[in-house]
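Read through the structure below, which is laid out as structure tokens, and then see the notes.
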Amino acid sequence: MSQPNQFSLLTQRRFGPFFWTQFLGAFNDNLFKTALLVVMTYDAINWTTLDPSLLNNLIPGLFILPYVLFSATSGQIADKFDKAKLARIVKVAEIAIMLVAGIGWMTHTLWLLVAAVIGMGMHSTLFGPVKYAYLPQNLKPDELVGGNGVVEMGTFVGILLGEVAGAILVGYKPNGIMLVAGATLLFAVLGLAAAWRIPPSPAPAPELRISRNFIAESWRNLAYSRQNRTVFLSMLGNSWFWFYGALLLAQFPVFSKDYLMGDHSVFVLLLTVFSLGIGVGSLLCERLSGHKVEIGLVPFGSIGLSVFGIDLYFASEAFIASTTAVDWLGLLNQPGAWRILGDLVMIGVFGGFFIVPLFALIQTRCDQKHVSRTIAGMNILNAIFMVASAGVAILLLGQGFSIPELFLTTALLNAVVAVYIFSLVPEFLMRFLAWLLIHTVYRVRTLDTARIPSEGPAVLVCNHVSYVDAIVINAASPRPIRFVMDHRIFKTPFLRWIFRAVNAIPIAPAKEDPWTMEKAFVDIAHALHDGELVCIFPEGRLTSTGEMNEFRHGISKVMERSKVPVIPMALRGLWGSWFTRDQGNLFGRRIARGMRSQLALAVGQPVAPEQATPEYLQQQVMALRGEWK
């Protein structure tokens, strides 16, 4: 059965009003901020004596300052109260803030506009935990990646349109400022109208007591998130992306004006291509992930962020700017401009690959009663990283770095951060290799993978056809799996650290190493007791003929200790591919199969532990496999 298109969610009340509330909020935030940044860059002399480069890094820093201070309290509020009601309260506050900003615009009072920037930061701080905790509460597991992708796309399209509108409206003379003041108030009202249609979303922890000490609560929130190592490191990865993006975006006004010799339409063009890139990358995530949380896309995204960030430096250094100011059409006619724009688009696309799976992983693997507070903890980290990005930019620019050199430094730092995080959580790298394998060497079709339980313990049993069986199965699973493997393969040099990192369980025959065998069964029992998935290949060895070997009795010992369901599975079509023991003509097989082998993974109905004999399970796996080896 085909999956519904992710855009169909927009027609449903459980998603549509929430989406438009978020979209209009992102649009209005950025209309206001961009108009202010354009004024501070191109008309600063009539407003302040401060340096425009300093203001372009300081204003975004002030916007995210409330995230540092109040995210933890916002998370508690979002867990304690109905999210629909909170969304409406936040939107009423946005109207009040835009009224204050309007007074600032009309009276040329910079400090009122700065106060509104901080106010909108507070508005976003309160809405952030509501936004990302709402999705897992109202979407099905197989809708979550698509829903996150649509929200991320909508957020960045909203950011893009807001930035474009802000830059265009403020440029109209002599009434540009009046247009900005009226538009921000109008869109705040429209946001409230959308929020009014969000359906009730009950609080997961209504008994929660809200701490008045927001500093202590922030610390407690982060300490709680650290208990789940994978989630916490994913939060750090998410925050690193915001460091990267904030540092890049903050340089666009001065980069457009001083390096590309462009007017404010060139600034709008840079924002447009970058935001469209993120929107495209976010939407592609659902297609590339197969409607599940595919964290294998995260390393892929990280590679692209570094590669195209480095090329942006070389493209910027090679660009020869016009001697006179140009508009966006004039820029497009200059040699080298398309390369710069292409780099920005691809940074955005790979940024989408990086950020959407991380959001979905955090939402699904954290304590569901603590989702809002986990998101709040992530917002605290995001804010700290974004403040740090402003500080790093100000420091490096003050030390004589050019903006292209700042781009290069950030791209190189991204590579270092990626290696560090993926070495701490090898699951990212393993899922990336699995994703790469099934999108290059193989074309994999999955049948009934929804039968793999989304939570709780289970034993998976499967026929053993190739050296990459575990990778194919892992790529199809919505959850991490602990594989039981031969102890000699487990000890293979270089690969040993990978097997240990993914918590594989080595096993040996009783005649060869009884201690290792007994320890394997103990480790399996502990894993199942902790609610994990364990995969066993009951044949005990790879097939050398393409036919299934007899299932051994190890599964019976597992069932004696752990009364959990057993999920039979069958791999179809792997026999004769690169990684099997088929002694036939490898080159001939390659020609016959084409460049990519077709295979399938079929999942059967759960088998009760009392029925899970080796003979019965072999029958089930054989029936699932059929005649297609």
Side-chain angles (χ1 to χ4, degrees), residues 1 140-142 290 292 444-466 469-486 503-505 507 509-510 517-518 520-543 546-575 599-629:
M1 183 180 296
K140 301 171 185 175
D142 62 349
K292 65 178 184 297
V444 181
R445 185 164 60 98
T446 58
L447 302 172
D448 298 318
T449 50
R451 291 172 176 170
I452 299 174
S454 58
E455 57 183 21
V459 174
L460 313 178
V461 297
C462 190
N463 56 322
H464 205 5
V465 188
S466 76
D469 290 352
I471 294 177
V472 174
I473 293 169
N474 197 47
S477 172
R479 296 169 57 193
I481 301 172
R482 296 190 66 178
F483 289 89
V484 180
M485 63 187 303
D486 185 277
N503 291 319
I505 300 173
I507 194 168
M517 185 192 73
E518 182 58 29
F521 286 114
V522 171
D523 288 345
I524 292 169
H526 284 165
L528 294 172
H529 180 268
D530 292 338
E532 297 183 85
L533 294 178
V534 176
C535 184
I536 299 173
F537 298 102
E539 296 167 88
R541 59 191 175 92
L542 287 178
T543 177
E547 298 300 332
M548 286 172 57
N549 298 304
E550 183 181 352
F551 277 23
R552 298 180 180 179
H553 287 272
I555 186 66
S556 299
K557 292 188 67 173
V558 172
M559 291 296 99
E560 288 172 9
R561 301 183 187 212
S562 306
K563 304 300 182 184
V564 301
V566 180
I567 314 295
M569 303 189 302
L571 287 163
R572 305 172 180 172
L574 258 174
W575 177 249
L599 61 98
L601 175 68
V603 182
Q605 293 284 0
V607 175
E610 58 272 13
Q611 292 181 283
T613 63
E615 297 77 16
Y616 182 75
L617 290 173
Q618 184 157 10
Q619 293 173 10
Q620 296 298 304
V621 174
M622 183 73 77
L624 286 168
R625 195 202 69 172
E627 296 301 318
W628 185 20
K629 297 189 293 186

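The figures that follow rest on heavy atoms only: side chains count, while hydrogens, waters and symmetry mates do not. This one's a predicted model, so the numbers in the text were calculated from it and none came from an experiment.
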Least distance between heavy atoms, [X] atom then [Y] atom:
X	Y	result
L599	G573	CB-C, 4.1 Å
M569	C535	CE-SG, 4.4 Å
I481	N474	N-OD1, 3.9 Å

Give, for atom [atom1] of [X] and atom [atom2] of [Y], the distance between the pair rounded to the nearest 0.5 Å.
X	Y	atom1	atom2	result
D486	L542	CG	CG	9.5 Å
R552	K557	CZ	NZ	13.5 Å
I471	F483	CD1	CZ	9.0 Å
H553	M559	NE2	CE	14.5 Å
M548	R625	CE	CZ	7.0 Å

Please identify which of these residues, L533, V534, D523, meets the side-chain contact (heavy atoms from CB on, under 4.5 Å) condition with L528.
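Among L533, V534, D523, the one that satisfies the side-chain contact (heavy atoms from CB on, under 4.5 Å) with L528 is V534.
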
Using the side-chain contact (heavy atoms from CB on, under 4.5 Å) rule, pick out the option among V484, I507, I505 that qualifies with F521.
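For F521, the side-chain contact (heavy atoms from CB on, under 4.5 Å) test succeeds with only one of V484, I507, I505, which is I507.
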
Verify side chain to side chain contact (heavy atoms under 4.5 Å, CB included) between L571 and C462, making sure each step is shown before the conclusion.
CA-CA 7 Å; L571 287 163; C462 190; 3.8 Å; yes

Run the side chain to side chain contact (heavy atoms under 4.5 Å, CB included) check on Y616 and V566 step by step: do they pass?
CA-CA 11 Å; Y616 182 75; V566 180; over 6 Å; no

Is the backbone N or O of [Y] less than 3.5 Å from a side-chain atom of [X], with the two atoms forming a donor-acceptor pair by type?
X	Y	answer
R482	N503	yes
R572	L624	yes
D469	V465	yes
R561	A525	no
Q618	F551	yes

I555 side chain near I536 side chain, heavy-atom distance below 4.5 Å
yes

Is the closest side-chain heavy-atom distance between I567 and P453 below 4.5 Å?
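They are in contact (side-chain heavy atoms under 4.5 Å apart), so the answer is yes.
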
Does R445 form a side chain to side chain contact (heavy atoms under 4.5 Å, CB included) with L447? I'd like the steps, not just the answer.
CA-CA 7 Å; R445 185 164 60 98; L447 302 172; 3.3 Å; yes

Report the residues that fulfil side-chain hydrogen bond (donor to acceptor under 3.5 Å, both in side chains) with T449, sequence neighbours left out, ordered by chain and then residue number.
none

Is atom CD of E455 surrounded by more than 12 heavy atoms (other residues, nucleotides or ligands) closer than 6.0 Å?
no

Once side chain to side chain donor-acceptor pair (under 3.5 Å) is applied, what residue pairs with a partner in residues 599-614 remain, sequence neighbours excluded?
none

